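Have a look at the structure below before the remarks.
Numbers restart at 1 for each chain; the letters A, B, ... are given by sequence-line order, proteins then strands. Just so it is clear, the structure is predicted and the values come from calculations on it, not from any experiment.
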Protein chains: 2
Amino acid sequence: MKKAETTRLTILQKAFELIYVKGYLTTSIDDIIATTEVTKGAFYYHFKTKDEMGLAIINDILKPTLISSFIQPLQNEQNPIDAIYNLMDNLLMKNEFLKVEYGCPASNFTQEMTPWNADFNNALNELTKQWTKVMTATIEKGKKNGFIREDVNAKQVTLFVMSGYWGIRNFGKLENSKKVYLPYLKELKSYLNSLK
Amino acid sequence: MKKAETTRLTILQKAFELIYVKGYLTTSIDDIIATTEVTKGAFYYHFKTKDEMGLAIINDILKPTLISSFIQPLQNEQNPIDAIYNLMDNLLMKNEFLKVEYGCPASNFTQEMTPWNADFNNALNELTKQWTKVMTATIEKGKKNGFIREDVNAKQVTLFVMSGYWGIRNFGKLENSKKVYLPYLKELKSYLNSLK
DNA sequence: CATAAAAGATACCGTTTAGTATTTTTGCAA
DNA sequence: TTGCAAAAATACTAAACGGTATCTTTTATG
């Protein structure tokens with residue numbers, strides 16, 4: 001029972017790495033079993049279809065990782081301006097899970113799968129909804145504690161900030177360099193300060 | 001010489017529509033020739049490979065369209081705050097070429113092709129560079145004419161605004177609704193006004 | 001240590017893919 | 001009208017794809 005769980009996890013992890021780099025559709029099951037050194041029989045023992053594995057990647061790999069790096073950091077800090085800025089700075093400049101050249105895995109999945117696979121869509125939508133919820137709550141709390149102006153619309157700001165993040169990751173991917181992150185972070189800071 | 005040019009263009013246009021909806025990799029040449037009612041012989045008479053056609057789509061379809069809807073609108077208006085806001089409002093709410101549910105075609109191409117095709121990368125990079133250039137120039141002009149504070153960093157703002165656009169298109173695609181565009185535009189307006 | 005079930009290996013199937021080779025039609029100049 | 005190249009239609013190939021069927025090895029348990 002334990003060995004099986006191990007192989008399942010290595011399949012998911014290695015498959016995620018491949019998919020993060022090459023995309024879901026261009027990563028074949030043969031690719032996956034080649035790099036994991038697991039056979040096709042083993043693969044189909046653990047997953048009924050390729051898409052079932054894709055969803056497992058989202059739920060078992062992406063979700064916990066993103067929760068710990070996108071959501072938990074927001075819940076620790078008091079000042080939402082610092083919280084959001086530090087979160088972005090960490091995500092863009094320091095996080096080792098997210099690589100510039102490959103963009104944001106959640107965003108990649110969205111772009112690729114959304115037009116034709118509703119299950120992936122739902123799984124990813126849930127992730128962003130959670131992020132939205134926590135960030136909005138952080139801002140609302142900041143309004144009460146006097147860190148943020150009362151007339152600021154928390155949901156609007158959340159959407160605006162999240163959009164910027166998704167977009168800048170796209171830029172980083174396109175230019176294949178973290179250089180663009182620095183001016184983005186600077187402008188983010190001055191935007192956030194305008195909410196005081 | 002004229003009939004040939006016509007079939008070439010219909011191939012490109014119909015192929016673009018398919019790719020915009022389904023993605024480049026999932027759109028097969030058989031799909032394309034089926035919807036264009038052009039035979040494979042005709043297709044390969046006009047394009048050596050699928051990728052050559054893909055690049056032709058970027059250069060002959062995407063580029064002129066995006067230039068007229070992303071770049072030219074910026075050059076007409078005086079006040080950069082209005083110029084940028086109206087541009088975004090048009091792109092998100094009014095433009096008929098860009099559909100919510102399918103995201104931004106340039107962004108889609110980037111996400112899909114960037115990891116493994118350098119030619120696509122360059123073609124797309126050039127497009128965004130042009131957009132950056134024009135928007136930055138608009139802001140700089142606005143600084144001189146007193147529409148924008150002198151201490152504002154034009155390039156930073158451009159990057160920030162463009163990132164937001166790319167990101168919100170991703171959101172629209174994910175939620176499959178223009179609803180998210182409205183709060184985004186509201187917050188964009190108040191951000192732009194903070195640059196006065 | 002025997003045995004059944006879990007886990008994994010191997011060979012293969014049907015289909016789809018991008019691309020090619022060959023043939024046929026079309027448009028136009030002489 | 002004929003000649004001939006440009007354009008398009010048809011028929012095909014080889015490889016890759018996701019998925020399945022079948023067989024073998026491990027592992028847990030009496």
Side-chain angles (χ1 to χ4, degrees), chain A residues 1-58 60 108-109 112-113 115-120 123, chain B residues 1-58 60 109 112-120 123:
Chain A
M1 293 283 181
K2 221 161 158 203
K3 175 98 182 297
E5 195 55 29
T6 308
T7 36
R8 192 191 126 98
L9 253 173
T10 51
I11 289 174
L12 287 179
Q13 274 160 351
K14 294 272 182 181
F16 166 78
E17 283 171 37
L18 276 176
I19 289 166
Y20 185 22
V21 173
K22 300 208 320 171
Y24 180 80
L25 297 167
T26 35
T27 301
S28 71
I29 292 175
D30 285 335
D31 285 342
I32 294 168
I33 64 175
T35 57
T36 47
E37 285 178 330
V38 158
T39 57
K40 202 167 253 193
F43 180 93
Y44 276 96
Y45 175 81
H46 287 285
F47 308 101
K48 262 221 310 281
T49 64
K50 188 192 179 189
D51 283 1
E52 188 180 298
M53 180 216 59
L55 285 171
I57 286 180
I58 294 181
D60 299 359
N108 292 356
F109 261 114
E112 206 176 347
M113 313 303 293
W116 53 274
N117 191 313
D119 290 332
F120 280 87
Chain B
M1 294 284 181
K2 218 155 154 213
K3 176 99 183 297
E5 194 56 30
T6 308
T7 35
R8 192 191 126 99
L9 254 172
T10 51
I11 289 173
L12 288 180
Q13 274 161 351
K14 294 271 184 181
F16 166 77
E17 283 171 37
L18 276 177
I19 289 166
Y20 185 23
V21 173
K22 301 206 324 169
Y24 180 80
L25 297 166
T26 36
T27 301
S28 70
I29 292 175
D30 286 333
D31 286 342
I32 294 168
I33 64 175
T35 57
T36 48
E37 284 179 329
V38 157
T39 57
K40 201 165 253 193
F43 181 93
Y44 276 97
Y45 174 80
H46 288 285
F47 308 101
K48 264 221 311 282
T49 64
K50 188 190 180 187
D51 282 3
E52 188 180 299
M53 182 214 57
L55 283 172
I57 286 180
I58 293 181
D60 299 357
F109 262 113
E112 208 175 346
M113 313 303 294
T114 272
W116 52 276
N117 191 313
D119 289 330
F120 280 87

Which of these nucleotides, [options], is closest to any side-chain atom of [X]?
{"X": "A:Lys50", "options": "C:dT20, D:dG19, C:dG8", "value": "D:dG19"}
{"X": "A:Ile29", "options": "C:dG19, D:dA8, D:dG19", "value": "D:dG19"}
{"X": "A:Ser28", "options": "C:dT17, D:dC17, C:dG19", "value": "D:dC17"}
{"X": "B:Tyr44", "options": "C:dT20, D:dG18, C:dT17", "value": "C:dT20"}

Rounded to the Å, how far apart are [X] [atom1] and [N] [atom2]?
{"X": "B:Asp30", "N": "D:dA11", "atom1": "CG", "atom2": "P", "result": "14 Å"}
{"X": "A:Lys22", "N": "D:dC17", "atom1": "NZ", "atom2": "C1'", "result": "12 Å"}
{"X": "A:Tyr45", "N": "C:dA5", "atom1": "OH", "atom2": "P", "result": "12 Å"}
{"X": "A:Glu52", "N": "D:dG19", "atom1": "CD", "atom2": "C1'", "result": "13 Å"}
{"X": "A:Phe47", "N": "D:dG19", "atom1": "CZ", "atom2": "P", "result": "13 Å"}
{"X": "A:Asp31", "N": "D:dA15", "atom1": "CG", "atom2": "C1'", "result": "14 Å"}
{"X": "A:Phe43", "N": "D:dG18", "atom1": "CZ", "atom2": "P", "result": "9 Å"}
{"X": "B:Ile32", "N": "C:dT17", "atom1": "CD1", "atom2": "P", "result": "11 Å"}

Got A:Ile11 and A:Arg8 here, is their nearest side-chain heavy-atom distance under 4.5 Å?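 A side-chain contact is absent here, since even the closest heavy-atom pair is not under 4.5 Å.
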
When you compare the side chain of A:Asn108 with that of A:Tyr24, does any pair of heavy atoms fall below 4.5 Å? no

Quick check on contacts: within residues 33-40 of chain B, what sits under 4.0 Å from DNA chain D by heavy-atom distance?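 Result for residues 33-40 of chain B: B:Thr39, B:Lys40, sorted by number.
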
To the nearest 0.5 Å, tell me how far [X] [atom1] sits from [Y] [atom2].
{"X": "A:Tyr44", "Y": "A:Lys50", "atom1": "OH", "atom2": "NZ", "value": "8.5 Å"}
{"X": "A:Leu25", "Y": "A:Glu112", "atom1": "CG", "atom2": "CD", "value": "4.5 Å"}
{"X": "A:Ile32", "Y": "A:Lys40", "atom1": "CD1", "atom2": "NZ", "value": "10.0 Å"}
{"X": "B:Ile33", "Y": "B:Ser28", "atom1": "CD1", "atom2": "OG", "value": "8.0 Å"}

Quick check on D:dG18: is either OP1 or OP2 less than 4.0 Å from any side-chain nitrogen or oxygen of A:Thr49?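 Answer is no, no contact under 4.0 Å.
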
Is the shortest side-chain N/O distance from A:His46 to OP1 or OP2 of C:dG8 below 4.0 Å? yes

Exactly one candidate in B:Leu12, B:Ile29, B:Leu55 meets side-chain contact (heavy atoms from CB on, under 4.5 Å) with B:Phe47; the answer is B:Leu12

Closer to the 5' end of DNA chain D via nearest nucleotide, is it A:Leu25 or A:Gly41? A:Leu25

